[in-house]
Amino acid sequence: MLSKLESRILSAVSQHILIRYGVEIPVALEQPRQASFGEFALPVAFQLARQLKKAPRAIAEELVAELPTIDGVQSLEAAGGGYINLRLNREALCAAAIAPSAIAAAAGDGKVIVEHTNINPNKAAHIGHLRNAILGDTFVKMLRASGQNVEVQNYIDNTGVQVADVVVGFHYLEKMGQADVEALLAQEKFDYACWDLYARISQYYKDNPEALQWRRDTLHAIESGEGELAELGRIVADAIVECHMNTMWRLGIQYDVLPRESEILHLKFWASAFEQLKEQKAIYLETEGKNSGCWVMPGSAFDENREDEDSKVIVRSNGTVTYVGKDIAYQMWKFGLLGKDFYYQPFRTYSDGHPVFVSTASPDGAAAVSFGGGRKVFNVIDSRQSYLQDVVVAGLKALNYHAQAANSIHFSYEMVAMSPRACVEMGIELSAEDQAKPYVEVSGRKGLGVKADDLIDKLIDSALAEVGSRNADKTDDEKFAAASAIAIGALRYFMLKFTRNTVIAFDFQEALSFTGETGPYVQYGAVRSGKILLKAGDLPDYAAVLTGAVCARLLEDEGLWQHLLAVSRTDQAIAAALTAGEPAHLARFAFQLTQQYSSFYRDYPVIQESDAEKRAFLLWLTGQFRAQLDRTLHILGIQVPAFM
RNA sequence: GCGCCCGUAGCUCAGCUGGAUAGAGCAUCUGGCUUCGAACCAGAGGGUCGGCCGUUCGAAUCGGUCCGGGCGCACCA
């Protein structure tokens, strides 16, 4: 609601300055430190001071006197060293909020692709993967809320060493065949079994380096797609992908398509990319030095501080392509630059009816859908991969795809590590070296980490204990549903409250907290407001009761005005978070909005209000709060339980 | 060695393109449930924004430098 007014103010002010002083400067609008200063502040006089060689305070006073009246603005005032504080017309803002408004979604041109989750399908998902998926999913919802057409991809590396290692574990360590693995699969928690096995085989390699030959053999078999080892690889990867999809769906996270590495290999995506790279001389065949016999990208292409000799191998001397090479091909496909596409078949349909497809190599029985070909691509990958992401972008540039290179965005974030206390609580023994650190890196190879499903279960358990103690009258199913919503709310909020470049040192006590700045705090505010609306019975006809005069009278109350203001800032908050690319900003807004509501809740009893006009107004404000909070929570992927 | 990130209250973190008295949560202390549910609210204490230079009307924010911590820099993915 406020965003329109804001742009009106900005254009009026900059226009006036242009005419009056003949200068064109970017005008900024801020929120004053104190609410008593007004609703907005213009620091523009400070900027003008230099150019006009005049005291900022004098300029501010001049502007206050000369600025034309702006629709919706009550008054202007020069303050402090040169601020212009600005008060809004309360009645006008209120009237605008009551009138139903059509929100014009700014439809973006072209498709935006967001790739996230991307967990190696060889073990259970852990807290690090949760951060990736929750961050990615929330960003997707932010984009969609702004009218963008978004395609969500979850890349499945089903032919890599990590899958191979688990296959090695089954085949060589456990001496298990296809039937044995399938029997294990039928039991619960296959991803947990693989988690342990992966840690074991990793340790085994350490103790018996000669066993690495098993990995090479297995990897080769998996890449060729033939034989028993390849079949085992398929079974493992497919089953684990199912597990991951289930885990993520518990958090409300969906995908549109699962492109798999096996199809990138079989459909020869790399061959097409290789041709283009050679043709454009983006890579060359090294004939001397340590990389002799390899196709390499010169170091200067992706890092200006590097020498050309400090190059990155794209194709190994044995003719196989590296991870980065495959990633360049995949990135090209995302932009539709490969001249190829996968075939697809349905993978599953979520309970809300949304289908997700998986890539296949064969046109037989393929679904009539297509993916990729985006205008802009966001890769949600942790910051440790930034070097490789740079190489991928350099590849696009070297191919003269400059627009695509500029639209390849590494949506990076810092890792989730384990706090020493969390390690102790899990009974993990740390090396002396690790103990000295402020936090320890999560490691699948070491089996060091908190599994996503375990954490969710733990959260549900403790939410259930709370819900149970407060709602004896509800059925078990109802209580479980509420506890689940609370648990997911707590988890998503926890992962989102940190800005992207903050390392999260995972701590059980913080993650399991339901008080203070948490998801449940916000959900609680929503539930309380919902209860009032429910108890109020039939809602009044707001447009009829809340006339301009009524609003003007009631909004003289500073508390009510501040509440209306807070609610009105939702649009801005959503837009600002998207611009900054920080879901954390939106999470914080949800918290602050709820804080505002909590004091409103205490100060203004709604149901027993005897003044009918005021009661209607309070009800309307309550509804406004709930509606705006619901919008925000929807983007954050947090549901409001029926009770709590 | 080179590159990226971080250093703000006892702890965990915010602080938007430099702007008015640096903010939350947790923890500590005080007060508030016969009043729409206290997973809440009100209040108190607690900070040389890692150090030092610089840029400017103005710096937690920009630049330089030093100190401390993390992560990268493979013919692994």
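Naming convention: chains lettered A, B, ... in sequence-line order (proteins, then strands); numbering from 1 in each chain.
- A:Y284 is listed as a side-chain neighbour of A:V296, based on a closest heavy-atom distance under 4.5 Å.
- Remark: A:R615 engages no residue in a salt bridge (charged side-chain N to carboxylate O under 4.0 Å, His left out) (not counting sequence neighbours).
- In this structure, CD of A:Q385 is placed 12 Å from P of B:A77, rounded to the nearest angstrom.
- Between B:U65 and B:C26, the distance separating the two P atoms is 41 Å to the nearest Å.
- Across all strands shown, A:Q523 has no heavy atoms under 4.0 Å from either base or sugar-phosphate atoms.
- Atoms CD (A:Q596) and C1' (B:A24) sit 15 Å apart, rounded to a whole Å.
- Regarding A:Y323, its OH atom lies at a distance of 15 Å from the P atom of B:C75, rounded to whole Å.
- Every residue two or more places apart in sequence or in another chain that forms a side chain to side chain contact (heavy atoms under 4.5 Å, CB included) with A:A49 is listed here: A:P56, A:I59.
- One atom, OH of A:Y439, and another, P of B:G68, lie 16 Å apart when rounded to the nearest Å.
- Checked against salt bridge (charged side-chain N to carboxylate O under 4.0 Å, His left out), A:R215 has the following partners two or more places apart in sequence or in another chain: A:D165.
- Using a 4.0 Å heavy-atom distance criterion, A:V467 is classed as a base contact.
- Taking the C1' atom of each, B:U61 and B:C49 are spaced 10 Å apart, rounded to whole Å.
- Comparing atom distances between the A:F37 side chain and each of B:A24, B:A20, B:G72 picks out B:A20 as nearest.
- Nucleotide B:G68: paired with B:C6 (Watson-Crick or G-U wobble, both distances less than 3.5 Å).
- Nucleic acid contact class of A:L388 (heavy atoms, under 4.0 Å, all strands): base.
- A cation-pi contact links A:K458 to A:F508, judged by a cut-off of 6.0 Å to the six-membered ring centre and 45° from its axis.
- When heavy atoms are screened at a 4.0 angstrom cut-off, A:T515 is found touching the sugar-phosphate backbone but no base atom.
- Salt-bridge annotation for A:R384 and A:E441: present, with a side-chain N of the basic residue lying under 4.0 Å from a carboxylate O of the acidic one.
- Looking at heavy-atom distances under 4.0 Å, A:A41 makes contact with a base.
- For B:C71, one of the phosphate oxygens OP1 or OP2 lies less than 4.0 angstrom from a side-chain nitrogen or oxygen of A:K437.
- Base pairing analysis places B:G23 opposite B:C13; the two distances defining the Watson-Crick or G-U wobble pair are each below 3.5 Å.
- Of the candidates A:T622, A:T594, A:V606, A:I532, A:Y601 forms a side-chain contact (heavy atoms from CB on, under 4.5 Å) with just one, namely A:I532.
- Of all nucleotides listed (B:A42, B:C5, B:A77), B:C5 comes nearest to the side chain of A:E414.
- Under 4.0 Å is where a charged nitrogen must lie from a carboxylate oxygen, and between A:E414 and A:R131 no such pair does.
- Atom CG in A:D507 sits roughly 13 Å away from atom C1' in B:A27 (whole-Å rounding).
- The base of B:A74 is not paired with the side chain of A:N291 by any donor and acceptor separated by under 3.5 Å.
- Across the interface with RNA chain B, nearest-nucleotide mapping of A:P520 and A:R384 shows A:P520 to be the residue nearer the 5′ end.
- Mapping A:I486 and A:N85 onto RNA chain B via the closest heavy atom, the residue that lands nearer the 5' end is A:N85.
- Taking every side-chain heavy atom of A:Q34 into account, B:U21 is the closest of B:A39, B:U21, B:A74.
- Distance noted for atom C1' between B:A22 and B:U8: 8 Å (whole Å).
- Atom CG of A:L48 and atom P of B:U56 are 19 Å apart (whole Å).
- No contact: A:N118 has no heavy atom under 4.0 Å from any strand.
- Taking atom P in both B:C62 and B:G46, one finds a spacing of 29 Å when rounded to whole Å.
- Note on A:E441: only backbone sugar-phosphate atoms sit closer than 4.0 angstrom, heavy atoms only; bases stay farther off.
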Within the 4.0 Å limit for protein heavy atoms, which parts of nucleotides 9-18 of chain B are touched? Write it as a string from 5' to 3', B for base, S for sugar-phosphate only, - for none. ---SSSS---
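- Stacking of A:Y387 onto the six-membered ring of B:G3 is not present when judged by under 5.5 angstrom between centres and under 30° between planes.
- Phosphate proximity of B:C4 to A:S383: absent, as no side-chain N or O sits under 4.0 Å from OP1 or OP2.
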Run the side-chain donor-acceptor check on residues 578-587 of chain A: report pairs under 3.5 Å with partners two or more places apart or on a different chain.
{"residue": "A:T579", "atom": "OG1", "partner": "A:A575", "partner atom": "O", "Å": "2.9"}
{"residue": "A:E582", "atom": "OE1", "partner": "A:R500", "partner atom": "N", "Å": "3.3"}
{"residue": "A:E582", "atom": "OE2", "partner": "A:R500", "partner atom": "N", "Å": "3.4"}

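- Looking at residues two or more places apart in sequence or on another chain, you find a salt bridge (charged side-chain N to carboxylate O under 4.0 Å, His left out) between A:R470 and A:E466.
- A:T159 comes within 4.0 angstrom of nothing in the nucleic acid, heavy atoms only.
- Summarising the geometry, the separation between CD on A:Q595 and P on B:C41 is reported as 7 Å, rounded to the nearest angstrom.
- Separation of the P atoms belonging to B:G72 and B:G54 is 38 Å when rounded to the nearest angstrom.
- B:C52 and B:G7 have their C1' atoms separated by 16 Å, with the value rounded to a whole Å.
- Note on A:Y521: only backbone sugar-phosphate atoms sit closer than 4.0 angstrom, heavy atoms only; bases stay farther off.
- Take A:R528 and apply the salt bridge (charged side-chain N to carboxylate O under 4.0 Å, His left out) test, not counting sequence neighbours, and it matches no residue.
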Please list, for nucleotides 32-37 of chain B, all pairs of protein and nucleotide N/O atoms separated by less than 3.5 Å.
{"residue": "B:U35", "atom": "O2'", "partner": "A:Q608", "partner atom": "NE2", "Å": "2.9"}
{"residue": "B:C36", "atom": "O3'", "partner": "A:K535", "partner atom": "NZ", "Å": "3.3"}
{"residue": "B:C36", "atom": "O2", "partner": "A:V606", "partner atom": "N", "Å": "3.1"}
{"residue": "B:C36", "atom": "O2", "partner": "A:I607", "partner atom": "N", "Å": "3.1"}
{"residue": "B:C36", "atom": "N3", "partner": "A:V606", "partner atom": "N", "Å": "3.0"}
{"residue": "B:C36", "atom": "N4", "partner": "A:Y601", "partner atom": "O", "Å": "2.0"}
{"residue": "B:C36", "atom": "N4", "partner": "A:Y604", "partner atom": "O", "Å": "2.9"}
{"residue": "B:G37", "atom": "O2'", "partner": "A:Y524", "partner atom": "OH", "Å": "2.3"}
{"residue": "B:G37", "atom": "N7", "partner": "A:K531", "partner atom": "NZ", "Å": "2.9"}
{"residue": "B:G37", "atom": "O6", "partner": "A:N471", "partner atom": "OD1", "Å": "3.1"}
{"residue": "B:G37", "atom": "O6", "partner": "A:M644", "partner atom": "O", "Å": "2.7"}
{"residue": "B:G37", "atom": "N1", "partner": "A:M644", "partner atom": "O", "Å": "2.9"}

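- Annotation: side chain of A:M495 is not in contact with side chain of A:L135 (no heavy-atom distance under 4.5 Å).
- Comparing B:A77, B:A39, B:C41 against the side chain of A:N120 picks out B:A77 as the nearest.
- The C1' atoms of B:C36 and B:U48 are separated by 48 Å, rounded to the nearest whole Å.
- Rounding to whole angstrom units, CD of residue A:E517 and P of B:C40 are separated by 12 Å.
- Remark: A:E288 pairs with A:E286 by the side chain to side chain contact (heavy atoms under 4.5 Å, CB included) rule, at least two apart or across chains.
- A gap of 24 Å separates the P atoms of B:U34 and B:C29, to the nearest Å.
- With a 3.5 Å ceiling on both atom-pair distances, B:U55 lacks any Watson-Crick or G-U wobble partner.
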